[in-house]
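In the text below, chain A, chain B and the rest are named by the order of the sequence lines, each starting its count at 1.
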2 protein chains.
Amino acid sequence: MSKSELPVIGQDDQVACCSPMVREPLGEEDAVDLAKMFKALSDPIRLRLLSLIASYEGGEACVCDLTGPFDVSQPTISHHLKVLREAGLVGSERRGTWVYYWVLPAALARLSSLLQAPAVAEPAGAVR
Amino acid sequence: MSKSELPVIGQDDQVACCSPMVREPLGEEDAVDLAKMFKALSDPIRLRLLSLIASYEGGEACVCDLTGPFDVSQPTISHHLKVLREAGLVGSERRGTWVYYWVLPAALARLSSLLQAPAVAEPAGAVR
DNA sequence: ACGCTGTTTCGATGTTTATCGATACAGCCT
DNA sequence: AGGCTGTATCGATAAACATCGAAACAGCGT
């Protein structure tokens with residue numbers, strides 16, 4: 001199956017695209033788009049998967065590394081990885097026998113900046 | 001006695017409590033806890049509610065301000081506000097006839113710092 | 001006390017989600 | 001080719017969720 005045909009949202013690489021949502025009301029479409037990403041993060045297993053992938057050496061992990069730490073079946077892990085991928089939070093690629101996943105930092109950065117609270121002071125030197 | 005001044009902690013980078021999840025694997029309980037907050041953010045209406053509340057003058061809004069902009073019934077808005085409150089993302093207080101809601105910045109800051117990605121695009125020769 | 005307005009709770013309903021076992025697909029061996 | 005391992009999809013099921021109208025609750029007027 002071709003992995004390139006999957007609907008992927010939030011791929012834009014404009015990291016600093018989103019000012020904090022606390023500054024001005026979120027548009028309706030933006031909200032729908034962002035909610036999909038947060039929904040992908042709304043499961044403990046998916047959160048741990050994401051964290052585990054990012055923490056792996058090289059920033060990527062194969063599925064075989066990811067099924068062990070959890071008490072759910074392999075199809076369930078595969079399902080969660082698919083959710084993360086379709087939300088645009090991770091990328092994946094088959095390399096021979098194994099399929100590797102890695103985190104897409106721009107997506108995380110987008111959400112992170114969106115959630116930045118009304119600041120006491122200007123965060124000087126936001127990571128770019 | 002009014003809680004008009006909210007405690008604002010560690011807005012800019014590196015909040016003491018949570019290092020980015022991409023650094024080290026998330027613990028199981030942390031993941032469960034965080035997933036609840038992200039689940040509260042996983043609905044477009046709740047995202048817009050949160051943004052709307054924070055954007056209001058004084059950083060708070062009464063329910064009567066929040067029902068208009070949406071196409072759902074008032075009980076539904078009330079339900080969503082309850083979800084946000086139980087997730088620890090907003091606070092609320094009845095003042096006479098009206099009930100006011102405000103954002104809890106520390107909660108947003110926690111999520112924001114958690115999602116902070118490592119350097120987005122690595123400069124040439126970065127460790128990889 | 002009474003009615004009026006703002007807000008929450010309750011019950012019901014249709015949809016989405018997490019999970020599993022079984023099965024299909026993909027690439028490596030011998 | 002045939003068998004083996006790793007990964008994804010399928011079909012089913014139970015739990016969780018969003019939404020509504022109706023009803024209950026809370027203050028404020030008169």
salt_bridge(B:Arg110, B:Asp33) N-O dist < 4.0 Å: yes
OP1 or OP2 of C:dG6 under 4.0 Å from side-chain N/O of B:Tyr101: no
Residue B:Lys82, side-chain heavy atoms: nucleotide from D:dT7, C:dT9, D:dA26 that is nearest: C:dT9
Gap between atoms CZ and C1', on A:Phe70 and C:dT19 respectively (whole Å): 15 Å
Whole angstrom value for the distance that separates P of C:dG6 from CG of B:Leu81: 16 Å
D:dG6 OP1/OP2 closer than 4.0 Å to side-chain N/O of A:Tyr100: no
Distance in angstrom units between B:Arg94 CZ and D:dC28 C1', rounded: 11 Å
A:Glu60/A:Arg95 salt bridge by N-O under 4.0 Å criterion: yes
A:Leu34 side, atom CG; B:Ser42 side, atom OG - distance, nearest 0.5 Å: 12.0 Å
Distance, rounded to the nearest Å, where B:Trp98 contributes CH2 and C:dC4 contributes C1': 13 Å
Taking N or O atoms only and anything under 3.5 Å, show me the protein contacts with nucleotides 16-21 of chain D, one pair per line.
residue: D:dA18; atom: OP1; partner: B:Arg46; partner atom: NH1; Å: 3.0
residue: D:dA18; atom: OP1; partner: B:Arg46; partner atom: NH2; Å: 3.0
residue: D:dA18; atom: OP2; partner: B:His79; partner atom: NE2; Å: 3.3
residue: D:dT19; atom: OP2; partner: B:His80; partner atom: NE2; Å: 2.4
residue: D:dC20; atom: OP2; partner: B:Ser73; partner atom: N; Å: 2.7
residue: D:dC20; atom: OP2; partner: B:Ser73; partner atom: OG; Å: 2.9
residue: D:dC20; atom: OP2; partner: B:Thr76; partner atom: OG1; Å: 2.7

Connected via hydrophobic side-chain network under 4.5 Å: B:Leu47 and B:Val63: yes
Whole angstrom value for the distance that separates C1' of C:dA18 from CG of A:Leu47: 15 Å
Nearest-Å distance for atom pair CG/P, residues A:Leu41 and C:dT17: 14 Å
In one Ile/Leu/Val/Met/Phe/Trp/Tyr side-chain cluster, 4.5 Å: B:Tyr56, B:Leu81: yes
Presence of B:Thr97 side-chain N/O under 4.0 Å of D:dG27 phosphate oxygens OP1/OP2: no
A:Arg48 side chain to A:Phe70 backbone, donor-acceptor under 3.5 Å: no
Hydrophobic cluster identity match, A:Ile77 and A:Val83, side-chain contacts under 4.5 Å: no
Rounded distance in Å - CD1 (B:Ile77) to C1' (C:dT9): 16 Å
